[in-house]
Amino acid sequence: MADAGEFGLIARYFTRPTPSALLGPGDDCALLVPTPGKVLAVTTDMLVAGVHFLPDTDPERLGWKSLAVNLSDLAAMGATARWVTLAGALPAADEAWLAAFARGFFACAEAHGVELVGGDTTAGPLNLCVTALGEIEPDQALRRSGAQVGDEVWVSGRPGLAALGLAHLQGRVSLPEPWPRLCLAALEKPRPRLALGAALRSVAHAAIDISDGMLADLGHLARASGLAATLHLVQLPQLRELAGSGARYDADLRRLALECQLSGGDDYELLFTAARGQHNRIAEIAAELELPLWCIGEMSAGTPGAVQVLDPDGKPVEFARRGYEHFQAAVPDQAPHAHG
Ligand code: ADP
Ligand code: MG
């Protein structure tokens, strides 16, 4: 009979060949050989049941996502992803659940060229913690603090879909077809933008991945750079196009879509700034990667971290909820209103 204990589970579900490591899982430590001349980019993200995902989330998708959110941080730094470790607390040794989780995790690992080199497995409330290690030339890392006055602000993909998907799952909205498929894919199977991060190495000044919400994360980047930012609503990606011409897109859905776009988290798109002179190069990168990139605003001197949103007439718009923060009392969701 198969060993259902900790070591049997690790051997069965989490031990795969690791040709890029000197030593992979099984010893006291993994042994990794960094590429000479590069520095390690190291990031950790924890996914807690009930906080970051619904406890009944499909385990295969959870496996994908627990790795993808970490690779997204490497992407936002411009790093090449190399190795990962996985620490998991599991309420039970549910083998069907573990097999599905491992399937999703390794699918994401293989898709992005990373190897699982170690971890920790314990009993406890469901909690998954991944550490990802990447490599980059020290002077090419895309820090949050590198934005310059006059930089254009860009965003990839269609931020907001993940938050719309969550609203749909929670029954706060009933999305018409074909939105549910698109939004749930964005929520449950985010694509870390590693190729984009790599392409931006000598192009962008600063970058961040959108995990807390576009306004909040742009605010983080702006504060780190000691600058203010302006965002133009008319330049945001139009989510409406995704709905197709026949689908319902009434005022309520429009308002929710905008709110999700600006304040929803969990998209793991990249937000970055670059000099105006790079505008055409960035358009080329979008075509090369077949990934839409949108120029949505600009950086300016001003209160560090301040983000101003302008409506189509150039008037400032106020939003009550900027993004998700742990340990903060919930602020009621509020629809955008014109600022007089
Ligand atoms: P130690 O007691 O030395 O910390 P562990 O008993 O926790 O070692 O783990 C034994 C080996 O299995 C280690 O090499 C560790 O990296 C690996 N390991 C444990 N859990 C996982 C996991 N979920 N995925 C990959 N490797 C794991
Ligand atoms: Mg251990």
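Indexing begins at 1, ligand by ligand and atom by atom, following the structure's order. Values below: every heavy atom of this structure, side chains too, minus hydrogens, waters and symmetry copies. Start at 1 with the first residue, then count along the sequence.
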Going by the order shown, which atoms of ligand 1 are within less than 4.0 Å of some heavy atom of [X]?
X      : answer
Leu116 : 24 (N), 25 (C)
Asp27  : 13 (C), 14 (O)
Glu6   : 6 (O)
Asp28  : 3 (O)
Thr121 : 19 (C), 20 (N), 21 (C), 22 (C), 23 (N)

For this session: Determine, for Arg12 against Glu95, whether the closest basic-nitrogen to carboxylate-oxygen distance falls under 4.0 angstrom.
Result: yes
Problem set entry | Qualifying ring pair (Phe, Tyr, Trp, His ring centres under 6.0 Å) pairs with a residue from residues 74-105, counting only residues at least two apart or across chains |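 Qualifying pairs, neighbours excluded: Trp97-Phe101.
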Exercise. Does the side chain of Thr80 pick up a donor-acceptor pair with the side chain of Glu135 at under 3.5 Å?
Worked result: no
For this session: Would you kindly specify which portion of Val117 sits under 4.0 Å from ligand 1, judged on non-hydrogen atoms: side chain, backbone, both or neither?
Result: neither
For this session: Look at atom 24 (N) of ligand 1 and find which of Phe105, Phe14, Phe7, Phe101 reaches it with the closest heavy atom.
Result: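 Residue with the shortest heavy-atom distance to the ligand atom: Phe14.
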For this session: Going by heavy-atom distance to atom 15 (C) of ligand 1, choose the closest among Gly119, Pro25, Ala30.
Result: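 Of the listed residues, Gly119 has the closest heavy atom.
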For this session: Each residue besides Val39 in its hydrophobic cluster should be listed here, by chain and number; the cluster joins Ile, Leu, Val, Met, Phe, Trp and Tyr at side-chain heavy-atom distances under 4.5 Å.
Result: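 Val39 clusters with Ile136.
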Exercise. When the aromatic ring centroids of His279 and Trp154 are compared, is their separation below 6.0 Å?
Worked result: yes
Problem set entry | Under 3.5 Å: N/O of Gly26 near N/O of ligand 1 | yes
Exercise. Honestly curious: do Leu258 and Val155 fall in one hydrophobic cluster under the side-chain, below-4.5 Å linking rule?
Worked result: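 Both belong to a single hydrophobic cluster.
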Problem set entry | Heavy-atom check, side chain of Leu142 versus side chain of Phe272, under 4.5 Å |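 SC-SC contact between Leu142 and Phe272 ruled out.
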